[in-house]
Amino acid sequence: MKKIEAIIRTMKFESVKHALESAGFDSMTVTEVKGRGRQKGIVQQWRGAEYVVDLIPKTKIEVVVPDADVEKVIDIIATSAATGQIGDGKIFIAPLEDAIRVRTRERGDTAL
Amino acid sequence: MKKIEAIIRTMKFESVKHALESAGFDSMTVTEVKGRGRQKGIVQQWRGAEYVVDLIPKTKIEVVVPDADVEKVIDIIATSAATGQIGDGKIFIAPLEDAIRVRTRERGDTAL
Amino acid sequence: MKKIEAIIRTMKFESVKHALESAGFDSMTVTEVKGRGRQKGIVQQWRGAEYVVDLIPKTKIEVVVPDADVEKVIDIIATSAATGQIGDGKIFIAPLEDAIRVRTRERGDTAL
Amino acid sequence: MVNLRHIHVMLIVVLLAMLVTPALAQDPNGAETLEGDPNAPVNFAWTLICGFLVMFMQAGFAMVESGLTRAKNTANIMMKNLADFSFGALSYWAVGFALMFGTASGITGLLFGTDGFFLLGDAYDVSTIELWFFQMVFAATAATIVSGAVAERVKFSTYLIASVAITALIYPIYGHWLWGGGWLNAADFMVNLGGGYGALDFAGSGVVHAIGGFIGLAGALLLGPRIGKFRKDGTPVAIPGHALTFAVLGVFILWFGWFGFNPGSTLAATELRISVIAANTVLASAAGAVTTLFITWWRFGKPDVSMTGNGVLGGLVAITASCAWVSPWASVVIGIIAGIVIYVGVWLLDWVLHIDDPVGAVSVHGFNGAWGLLALGIFADGTYGVYTTEGPLVTGLLYGNAGFLAVQAISMVVNFAWAFGLGLILFAALKYTVGIRVPPAEEMQGLDIGEHGVSTYPNFVIAEPVLDGEKA
Amino acid sequence: MVNLRHIHVMLIVVLLAMLVTPALAQDPNGAETLEGDPNAPVNFAWTLICGFLVMFMQAGFAMVESGLTRAKNTANIMMKNLADFSFGALSYWAVGFALMFGTASGITGLLFGTDGFFLLGDAYDVSTIELWFFQMVFAATAATIVSGAVAERVKFSTYLIASVAITALIYPIYGHWLWGGGWLNAADFMVNLGGGYGALDFAGSGVVHAIGGFIGLAGALLLGPRIGKFRKDGTPVAIPGHALTFAVLGVFILWFGWFGFNPGSTLAATELRISVIAANTVLASAAGAVTTLFITWWRFGKPDVSMTGNGVLGGLVAITASCAWVSPWASVVIGIIAGIVIYVGVWLLDWVLHIDDPVGAVSVHGFNGAWGLLALGIFADGTYGVYTTEGPLVTGLLYGNAGFLAVQAISMVVNFAWAFGLGLILFAALKYTVGIRVPPAEEMQGLDIGEHGVSTYPNFVIAEPVLDGEKA
Amino acid sequence: MVNLRHIHVMLIVVLLAMLVTPALAQDPNGAETLEGDPNAPVNFAWTLICGFLVMFMQAGFAMVESGLTRAKNTANIMMKNLADFSFGALSYWAVGFALMFGTASGITGLLFGTDGFFLLGDAYDVSTIELWFFQMVFAATAATIVSGAVAERVKFSTYLIASVAITALIYPIYGHWLWGGGWLNAADFMVNLGGGYGALDFAGSGVVHAIGGFIGLAGALLLGPRIGKFRKDGTPVAIPGHALTFAVLGVFILWFGWFGFNPGSTLAATELRISVIAANTVLASAAGAVTTLFITWWRFGKPDVSMTGNGVLGGLVAITASCAWVSPWASVVIGIIAGIVIYVGVWLLDWVLHIDDPVGAVSVHGFNGAWGLLALGIFADGTYGVYTTEGPLVTGLLYGNAGFLAVQAISMVVNFAWAFGLGLILFAALKYTVGIRVPPAEEMQGLDIGEHGVSTYPNFVIAEPVLDGEKA
Ligand SMILES: Nc1ncnc2c1ncn2[C@@H]1O[C@H](COP(=O)(O)OP(=O)(O)O)[C@@H](O)[C@H]1O
Ligand SMILES: Nc1ncnc2c1ncn2[C@@H]1O[C@H](COP(=O)(O)OP(=O)(O)O)[C@@H](O)[C@H]1O
Ligand SMILES: Nc1ncnc2c1ncn2[C@@H]1O[C@H](COP(=O)(O)OP(=O)(O)O)[C@@H](O)[C@H]1O
């Protein structure tokens, strides 16, 4: 079981969600984050002083899947989140040891 | 050392927190997230158009504990977060390699 | 490849960010969280009733780095986030199996 | 029997408008009224503009109430405020005004009026409608006060019914007793006891505010507290409001509108006493604010913002009955006591009675409304008459007229009995028929979703603060 | 040819001010005006204070518009509202007022005025400037209505140009036809058909609101819908506004300001009809709100807050033309129909025409403005004359004057043709030259960053709700 | 020696009220005043309603100040605004009014007044109290201006002391010099130099705004900048405000209230010049907004919202001194220059003086207040006299009276010296006794927690934007 954690453009979120859905990956957890990678900040101004908001609002999607589905999910996200411009984001793959469904106490892959 | 990451109903948070507290697990990190699993979205309306908010506000609790305590914490959360209805949430268990307390630079289980 | 997850004082964030930057670690993901460890809550009042906001707003920084850089980053964060008072925060080290840059599909350390 | 000399001047306005035009029973375009009274333009302009300011207080109530409650209930609160003004205007047009200011002879006239429904017939007259407009915005104020006390748990549909009952029946009948020639003001025994005039209430500490506040008290009592408001041992838990910015903006809007409420209640700019009324209004409110600020600083260690806002409003409510009849220094005293009443009132409800009044409506409008009625009986200084510069001039206890304080005390007791009593009956009747409270799950999730299917702040990440409720 | 007897009273005010002072063509300090008219102070005070209230409606428009749109565009919306009042005041000073109320003889005078530019020369006169002030705040209102219909996608620079064109040209010329002695009001054939008076519009259902609403319709049409507003099959997708608190606060502010708008349009407190006007204004709006509340409850299952707010405004717009000429019960009827018009209008744009009007400006101001013109032709009850208590008294269909309804229908059609037509030309001209819409990437990111380089809420974590758009 | 002919009309009002009633030294109910002056009702109504609008500006100040600062300090800012109006009303009642408008003979009378404390004795009079009310809301305005300049770091307790000192002493004494018969306005040498009248300031560009702005400058200077406002090399860092929606709402509220401020300062609707005053007020503010909009567009690449809001306010402040004495075109010019002053002022403080004024109070009220005094000396066109249509008519440089510009320049210098000087003394005295600044840790965490133990927005996830401060 792996946790796939993707940090994507907020405005691409809708299409990533749809792409995952269509492939049967309905479950996910989403967080509003701010981030910085290669992408430069946005220049803003306040009463004449320019400043760089150098952490850009991004959306983090976490999807937990059985090992077998990992590559599929990576591919779906990478495809649907891409614009080709700097700032498209990253996907991280982390190992998980177990998952528990609170309602039923099922564990392991069946809990996903 | 493991990180226990539970995604629960926002309105159950208070009771989970108290349950953890009572068992001596005071430390935690909490994030407002939105999520989707088996639970259907909430139908809302805006000027006559109905729409589904299909990512429901949830609360994510992260608790890092020594290996020995993992099952205990899982049990506490699963018990106190449950309503028996769809949408009760999930608990994920991830391995952690180390923890450092910033103030003292203690490491490992003693840093928790 | 490791994920370094630091939960620090919100008001120390600026200096942590600068310290990481100076050492060449530009990339990061930041989330507003609330947390509790050893630090007591803040006593507030509302119309005469005192209450404790016992989860204090904190900032979570996630930085993914190759294994070789882990200790360096821990040191930078621990140094720049410290005040010596209770509530300075924690750093957790988690294993990651892979990283993918969405734009280029590069994988592994080169994707960071 | 009605002692005609003492009937409230407002009634006189109506009567005059009808009497001076014997050929035509009404004057819908105003030509004859103007001919009969060259001061009519300035008095109409004054009364209407002041009425507009009172109408704007609705925005203030909406802001205070939403600011002091949680984000998940905000749309519901805004909707309640939109609705109670709208339903209130229509109810007062259909029924309320006729009961309050209609004419009726004999005993009936001491209890309620019986003509002017739907502003039909003779009521289609510029003077009558001027009075209607000013009184309608007052009626809507009484209704909207209740909204705050029952916030965050009342069913929207039931709230609408209660709101209509208030503006159509409960408020106007009591209002008739004070302002429409009814018994509290005009019955012989009251006039004799008062020393030439019965119970008075210049702009409605009692008629508007205490009525609203005590109906709200009944509602809050029968609804029960919000989930989580009290621990099992009865100690109150703080449920912080979602935006003090809105709450204080609301206080400022109400403060502004109150200058229509009080000075406008002369219904005439030819009563130059309006300047004193305005000054008394601001002095009492300032004193109320300063007092609450210092009390909360002393008791809680830090000055409390939302309570200080309540202190402003408490001072305003308290001075409303007496603003035309007392001097500036007395207004300051009345305001100081109002600030104390706020503090004690909030404490009483929270710690002793365990009644959950999310915005402090009962203390602000109920308790201070009652205090305002008494204060008039104490401080009236004999410089001004009954809505006129002519005698009898109104004097209170400090100026040798203890009887008038007695009259005011009777008025206060009747006010409480009527408002709280009918409030209990109304909410109990609703509770055991249609139900008055949303289900617990809806309350937890918020009334915005439950009652209106909408989120007020969809572009913001919303969180509830995690409270421990007990001092560390 | 102009039938002088029927020229709009406002023009008369101007003329009088000029005529009564033959030695001095103007009276910039008011001494002579005062001597000539002892009622001038109360009328000036009334008109100016009402004008101040109308000015404050700008805040209401800004709040409604920002509350009903997304957080990422809020600064842009506030800026548009600051700008259109500022540019509007200057354009109306430089050009608009002269076209609207300037004098001109013969045929030209039926079309537009030709003097008074920059308030220079004879226009430097207390009466003329009083009129200018009151009319300027009206002109700015017409302009700001458009802002809502084109929100969340229009280029700021282009918006400024459109705004100036509206207050300098489109609005004043049409306004002249109704209020400045132009053909709709004063041409012989209109006067004859109307039975003694041509087309009327007491405070501007047509002149201000429908003009603004239909220009907005043209703008929204040519801009196209916001990204994501309609699915490929044309079904609309909800794009919830970011803060209903602001939206409803805005409704209350507009409601308050409307009491300047309607009663103030007598330009004289000596017209005691102002009380009836105020009452009609509140009754129609309350009826509009209640109607929309119940319709949405019935159709959507739950009462809708933002639509109910629109219901208030729709009732206000609809009564604006007729507020001085109808009776209270008729106002309620007019308001009920206004509420229905709101519901049908929003549905029509969303589901049939697929035009994206984020805040409902077209239904509130356009459709209800048109309804208001007709309603006057139906319900005018013959109790009041043309801005005066003297005859001819204005009567409509229900009181036997079908001709006047015909006149009003003509006025309505002309209004639509002028506003929508010129609106199309204006926005088309801009579209094919400077461009009217921000690039898609900017629209997605928000106009705050794109147009002004700023975030409205930098201290809040901002999120867009994740919508599915179809019922589960 | 006082030249009685030139004493400010406001004083005359007071005196008259006292003189026309020789038998009774005061008229607390207004009957005699009414008998003596049939225009009293319209003038009272006008003055009071305008005063209500000015009172409402408090809400505007609270909104602008909170909108332009961070969410963690919002409750503190709202509380400061509640408190300064409340403490201000009481101080002005107790002390300020007597110093400003009390009578005193000889040299003392040129410096300050000595009777009317607590509105006791003869001051219990409808005319005196009318004047008190209108002047009290002005005094509170001066105090609240300071709040913005010292925001986000001043200790609440100390702020209260400063606020009382301003409304009780600093403001009224300077006010006496201009409006109470003091030396700037009435000393022989000033009157002679001015050509028949001494220094003038119609509604308070100097008396209210520059006084407030320059005291604020002193406060901001002695407090030092907020943590993080300037880099080590002195370059300013942007600290964006938390809600432009509130800031612009505040601008609209202030704009609205200003129509009470300026036209109301005639204290009489019988001065028909009020229409010109209203028009000048709106034209200058519009010109200020448009100018700032274009300057920021040109300099920063995009039009800046908060600066444009300041442009509105700068135009309003600048026209305040001269609004009754200049023509519309001159108002536009004054407004344009005011917009430039805003831009230059903000730049000066940020980049040259390194003084941290979070909301632009110094540029808006201080610099433009000073400009307003000069502008009067330049553009006064001789159409209107000293608060009366009778002569001497006021003319400035462009109309041949260079002496009057000199008088105004003196007035401006004295204004700056008095306000900035006493401001320095006041804040220095506080700094070295009770302390004026919260500890750094409290400032970082926010004054809401530190001073009031509360969070303004507990239901929202709060974040500070992460700024780099230097262009990428
Ligand atoms: N090494 C990293 N550690 C943590 N988060 C990262 C890392 N690299 C990127 N991110 C996150 O991913 C987001 C997008 O990355 P960015 O580098 O801007 O895109 P790209 O990969 O196209 O260059 C960043 O805003 C940040 O939130
Ligand atoms: N596979 C998953 N990956 C990531 N998050 C998940 C996953 N499954 C569930 N979640 C999170 O858990 C929350 C609750 O899950 P849900 O399926 O609705 O409850 P239940 O387990 O009772 O069916 C979701 O809203 C989502 O945030
Ligand atoms: N065991 C833990 N699991 C999850 N989060 C933790 C844990 N311990 C600490 N945290 C997070 O770290 C933050 C700071 O920890 P705290 O204990 O207050 O500081 P210190 O280490 O100085 O005592 C907490 O607010 C919480 O968010």
Side-chain angles (χ1 to χ4, degrees), chain E residues 27-31 33-34 40-42 44-45 47-49 51-53 55-56 58-59 62-63 66 74-76 78-79 81-83 85-90 93 118-120 124 126-133 136-137 156 243 246 249 448 451-461, chain F residues 39 42-43 45-46 49 53 70-72 240 242-245 248-249 251-253 255-256 259-260 263 268-276 278-279 282-283 285-287 289-290 293 300-306 308-309 312 327-329 332 383-385 389-390 457 460-465:
Chain E
D27 179 20
N29 77 14
T33 306
L34 180 63
V42 72
F44 268 61
T47 305
L48 289 174
I49 292 169
F52 304 159
L53 297 188
M55 181 268 145
F56 191 45
Q58 296 289 327
M63 290 288 101
S66 64
T74 305
N76 174 253
M78 300 313 282
M79 186 68 156
N81 279 277
L82 278 178
F85 186 68
S86 299
F87 282 82
L90 295 174
W93 162 68
F118 295 95
L119 291 179
L120 290 175
Y124 190 12
V126 292
S127 302
T128 307
I129 289 184
E130 180 208 32
L131 181 64
W132 177 83
F133 184 81
M136 178 275 299
V137 290
F156 180 68
F246 287 132
L249 173 61
D448 285 3
E451 300 289 284
H452 309 290
V454 82
S455 298
T456 305
Y457 301 111
N459 290 176
F460 296 92
V461 177
Chain F
N39 277 324
V42 70
N43 289 339
W46 170 254
I49 293 170
L53 297 189
R70 287 164 292 179
K72 64 185 175 187
H242 88 288
L244 280 174
T245 328
V248 177
L249 173 61
V251 169
F252 277 118
I253 292 175
W255 215 338
F256 172 53
F259 291 108
T270 42
E271 295 299 318
L272 302 183
R273 184 77 179 179
I274 50 180
S275 67
V276 177
V282 78
L283 286 170
S285 54
V290 168
L293 186 153
F300 313 153
K302 294 182 175 178
D304 187 281
V305 182
S306 85
T308 300
V312 171
S327 54
W329 71 262
V332 173
T383 46
Y384 189 65
T389 53
E390 272 153 48
Y457 301 111
F460 295 92
V461 177
I462 298 296
E464 301 232 356

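We name chains A, B, ... by the order of the sequence lines, and we start the count at 1 in each one. Reckoned from all heavy atoms, side chains included, excluding hydrogens, waters and symmetry mates.
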Residues two or more places apart in sequence or in another chain: which of them pass salt bridge (Lys or Arg N to Asp or Glu O under 4.0 Å) with Arg70(F)? Glu152(F)

Contacting region of Ile253(F) [heavy-atom separation from chain E under 4.5 Å]: both

Min side-chain heavy-atom separation Phe52(E)-Pro263(F) under 4.5 Å: yes

Separation between CG of Leu249(F) and CE of Met78(E), rounded to the nearest 0.5 Å: 6.0 Å

Are side-chain heavy atoms of Ser275(F) and Phe44(E) found at a separation under 4.5 Å? yes

Checking Val461(F) against chain E: side chain, backbone, both or neither under 4.5 Å from a heavy atom? both

If you take all heavy atoms of Val126(E) and Leu272(F), which pair is closest and at what distance? CG1-O, 3.5 Å

Engaged part of Asn81(E) at the chain F interface, taking heavy atoms whose separation is under 4.5 Å: both

Looking at every heavy atom in both His242(F) and Pro458(E), which two are closest together, and how far apart are they? O-CD, 4.1 Å

For the atom pair CG (Leu119(E)) and CH2 (Trp329(F)), what is the distance rounded to the nearest 0.5 Å? 13.5 Å

Determine the option with the most heavy-atom pairs under 4.5 angstrom with chain F, choosing from Tyr124(E), Trp93(E), Phe246(E), Phe118(E). Tyr124(E)

Given the side-chain rings of Trp255(F) and Phe85(E), with only the six-membered ring counted for Trp, is the space between their centroids under 6.0 Å? yes

Step-by-step side chain to side chain contact (heavy atoms under 4.5 Å, CB included) determination, Leu283(F) to Trp132(E): CA-CA 11 Å; Leu283(F) 286 170; Trp132(E) 177 83; 3.8 Å; yes

Nearest 0.5 angstrom please: Met55(E) CE to Phe256(F) CZ, how far? 8.5 Å

Indicate the atoms forming the closest heavy-atom contact of Ser86(E) with Ala286(F), along with that distance. O-CB, 3.4 Å

Can you measure from CG (Leu244(F)) to OG (Ser66(E)) and round to the nearest 0.5 angstrom? 11.0 Å

Set out, in order, the CA-CA distance, both residues' side-chain angles and the distance that settles side chain to side chain contact (heavy atoms under 4.5 Å, CB included) for Thr245(F) and Met63(E), then state yes or no. CA-CA 8 Å; Thr245(F) 328; Met63(E) 290 288 101; 3.8 Å; yes

Shortest non-hydrogen contact from Phe133(E) toward Ala278(F): CE1-O, 3.7 Å

Among Ala279(F), Gly301(F), Ala289(F), single out the residue with the greatest number of heavy-atom pairs under 4.5 Å to chain E. Ala279(F)

Do side-chain atoms of Asn459(E) reach the backbone of Ala71(F) as a donor and acceptor pair under 3.5 angstrom? yes

Grab the two heavy atoms, one from Val305(F) and one from Leu82(E), that are nearest each other, plus how far apart they are. O-CD1, 4.2 Å

Quick one: CD1 on Ile49(F) to CG on Leu48(E), what's the gap to the nearest 0.5 Å? 11.5 Å

Need one label for Ala40(E): side chain, backbone, both or neither, based on atoms under 4.5 Å from any heavy atom in chain F. both

What's the separation between atom NE2 in His452(E) and atom CG in Asp304(F), rounded to the nearest 0.5 Å? 9.5 Å

Centroid-to-centroid, Phe460(E) to Tyr457(F), below 6.0 Å? yes

What part of Val42(E) gets closer than 4.5 Å to chain F, counting heavy atoms only: side chain, backbone, both or neither? both

State, with a plain yes or no, whether a side-chain heavy atom of Leu293(F) is found less than 4.5 Å away from one of Phe87(E). yes

Given that the side chain runs from C-beta out, which part of Gln58(E) has a heavy atom under 4.5 Å from chain F: side chain, backbone, both or neither? both

Which pair of heavy atoms, one from Leu90(E) and one from Val332(F), lies closest together, and at what distance? CD2-CG2, 4.1 Å

Okay, Thr456(E) and chain F: the region with an atom under 4.5 Å from a heavy atom over there is both

Max heavy-atom pair count under 4.5 Å with chain E, selected residue of Ala287(F), Gly260(F), Pro328(F), Pro303(F): Pro303(F)

Is Arg273(F) reaching over with its side chain to a backbone N or O of Pro28(E), donor-acceptor style, under 3.5 angstrom? yes

